[in-house]
Amino acid sequence: MNILHISAECYPIAKVGGLADVVGALPKYQKELGTKSSVVMPFYNNKFTQENSFEKIHEGYIALGHKYYNFKVLKLTDHPLGFDLFCIDIPDLIYKNYVYSNDDTERFLAFQIATLDWVLTFKEKPDIIHTHDHHTGLIPFMMLQSFKYETLKAIPTVLTIHNAQYQGWFTHEKVHLIPPFNFDKVGLIDWSGAINSLASAIKCAWNVTTVSPSYMEELKLKANGLEDLLNHESPKCIGILNGIDCNVWSPETDEKLIKNYTTSSVISGKHVHKKWLCEEFHLDIKKPLFVFIGRLVGEKGADLFPEIFEQALIGNNISILLLGSGHKETEEKLTKLPRKNFNTFIGYDEKLAHIMYAGADFLLMPSRVEPCGLNQMYSLRYGTVPVVNAIGGLKDTIIDIEQEGGFGIVHSGVTVEKVTTAIAKATAYYSKKGFLKNLKKIMEIDHSWNNSAKEYVHLYKSLKN
Ligand code: ADP
């Protein structure tokens with residue numbers, strides 16, 4: 001079975017968040033199950049594309065409304081990923097030093113059209129086209145309704161929603177950018193009077209998945225305006241929990257770590273990284289270290305961090321280190337907090353993130369929305385106890401220490417009080433006898449892709465029958 005994943009991000013080529021990690025891992029694990037999975041993504045101007053070699057395998061031109069653009073399909077040649085990776089190069093539109101900005105409508109439409117134009121030329125068509133998030137959300141509609149893609153109509157499509165907050169809206173004034181289609185069907189791209197790429201994909205894809213079962217249920221109640229649609233389409237919707245790529249995220253082999261460690265060397269292994277972090281960021285190694293890694297946005301509860309940290313640091317008995325960027329106001333407030341037992345790295349740093357998963361004692365995730373969340377699974381793998389709000393994938397993966405079989409700290413709801421109470425509970429747990437034993441236990445929890453990749457393959461097979 002031949003699967004074509006189409007995505008705006010793929011690790012390690014271009015990563016903004018969890019979407020990249022999933023698209024960079026799932027095809028590899030699907031391949032191990034006997035499917036041939038490949039990825040198509042835009043060709044951005046970044047360090048990875050500058051430093052690696054690509055071979056041109058196709059070229060053509062697309063019409064975007066009344067404008068024409070040349071495009072090339074480039075295949076990555078010198079960086080073994082475990083699957084074939086193709087990039088759509090449209091120099092005038094896509095080759096920018098960012099992934100997302102305010103010109104996304106034209107850029108991602110051009111990307112989707114060029115991808116389908118290229119697929120039209122395949123002698124052997126893919127068995128499944130798997131689209132990810134709104135950036136590729138018009139593909140199922142175009143395959144069904146755009147006259148030029150008539151021959152792709154019978155290929156089953158799957159949409160995975162990694163985040164339903166962002167939906168790729170644009171006005172009907174731009175409808176001419178979509179390759180001509182039967183206008184009676186314009187309702188399939190519309191939601192509440194605008195063109196909505198994610199809503200269109202939910203309507204037109206043969207199957208819709210979210211990245212955790214709880215997130216699917218939560219979206220039926222709250223999905224930034226798409227609740228009714230998801231309830232209506234619910235027979236074809238399922239939640240499949242993401243996995244983690246243990247080739248990238250394993251303390252035994254992780255090349256970004258200072259020293260590798262296993263379950264039997266977890267205490268000394270974590271100590272090396274905590275020491276490095278505490279020296280680098282002027283923190284006290286004797287105190288339990290809480291970290292946050294991620295986007296500083298409301299979904300992650302980040303607007304409350306300045307107040308949460310201020311409160312949690314009052315007793316002087318913990319340290320906090322934050323890595324992330326996002327809302328400028330939150331960044332500014334965090335930068336102004338006193339640097340006593342507290343520090344930040346405002347920005348994006350993949351290596352530092354790995355060292356933090358290894359060196360921290362606790363990982364904070366007070367998310368208000370968390371479709372799956374990968375950070376909590378990485379932290380388990382590295383022997384770091386997650387402190388999470390019971391939402392979405394966090395609810396599906398973390399059990400509170402007070403529950404049977406529990407190993408993390410779980411709070412219900414995101415307020416300054418609830419999060420600081422959870423931090424206090426974690427701090428008390430840090431000095432308990434069972435704390436070190438728990439580290440070995442959490443490292444052994446299997447969140448690899450093996451099971452989830454099987455669920456996807458099962459789903460593809462059901463669509464082919
Ligand atoms: P989301 O996709 O909502 O941002 P996920 O938990 O699914 O959240 O995935 C986040 C991924 O991005 C993780 O691999 C995390 O380590 C990484 N990440 C987020 N922010 C940063 C940052 N500032 N520096 C390094 N890695 C980051």
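As the structure lists them, so they are numbered: ligands from 1, and atoms in each ligand from 1. Only heavy atoms go into these numbers, but all of them, side chains included; no hydrogens, no water, no symmetry mates.
- If you number the atoms of ligand 1 from 1 as listed, the ones under 4.0 Å from a heavy atom of Tyr357 come out as 15 (C), 16 (O).
- Remark: ligand 1 atoms within the under-4.0 Å shell around heavy atoms of Asp349 are 24 (N), 25 (C).
- Between the choices Leu374, Leu323, Val297, the shortest heavy-atom distance to atom 5 (P) of ligand 1 belongs to Leu374.
- Taking the side chain as every heavy atom from C-beta outward, Met1 and Tyr460 approach each other to under 4.5 Å.
- In the candidate list Gly347, Pro371, Cys372, Ala353, Gly347 is nearest to atom 23 (N) of ligand 1, counting heavy atoms.
- Around atom NZ of Lys461, no more than 12 heavy atoms belonging to other residues, nucleotides or ligands sit under 6.0 Å away.
- Nearest-residue assignment for atom 1 (P) of ligand 1 (options Lys300, Glu350, His162; heavy-atom criterion): Lys300.
- In this structure, atom 27 (C) of ligand 1 lies nearest to the protein heavy atom Tyr348 CE1, 3.4 Å.
- Annotation for ligand 1: atoms under 4.0 Å from non-hydrogen atoms of Gly373 are 6 (O).
- Using a 4.0 Å cut-off to heavy atoms of Gly324, the atoms of ligand 1 that qualify are 23 (N).
- For the residue pair Asn196 and Gln167, a side-chain donor N or O sits within less than 3.5 Å of a side-chain acceptor on the partner.
- For ligand 1, the atoms closer than 4.0 angstrom to any heavy atom of Arg295 are 1 (P), 3 (O), 4 (O).
- Shown in contact with Gly294 at under 4.0 Å from a heavy atom are these atoms of ligand 1, numbered in order with element: 19 (C), 20 (N).
- The aromatic rings of Tyr29 and Trp449 lie tilted to each other, with the angle between the two planes from 30° to 60°.
- The distance from ligand 1 to the heavy atoms of Tyr378 drops below 4.0 Å at these ligand atoms: 13 (C), 14 (O).
- Salt-bridge annotation for Lys270 and Asp361: absent, with no side-chain N of the basic residue lying under 4.0 Å from a carboxylate O of the acidic one.
- Residue contacts with ligand 1 do not include Met365, since none of its heavy atoms lies under 4.0 Å from the ligand.
- Between the side chain of Gln112 and the backbone N or O of His135, at least one donor-acceptor pair lies under 3.5 Å.
- Ranking the protein heavy atoms by distance from atom 12 (O) of ligand 1 puts Lys15 CE, 3.5 Å first.
- Applying side-chain contact (heavy atoms from CB on, under 4.5 Å) to Pro251 and the options Asn260, Thr262, Val266, Leu257 leaves one that passes, Leu257.
- Between Tyr261 and His273, the ring planes are tilted. Angles from 30° to 60° get that label.
- The shortest N/O to N/O separation between Ser325 and ligand 1 does not fall below 3.5 Å.
- The aromatic rings of Phe108 and Phe111 stand perpendicular to each other, their planes meeting at an angle above 60°, with 30° marking the opposite boundary.
- Atom 7 (O) of ligand 1 has its closest protein heavy atom at Gly18 CA, 3.4 Å.
- Using a 30° and 60° split on the angle between ring planes, Phe362 and Phe435 fall in the tilted class, from 30° to 60°.
- Nearest to atom 6 (O) of ligand 1 by heavy-atom distance, out of Leu352, Asn375, Ile293, is Asn375.
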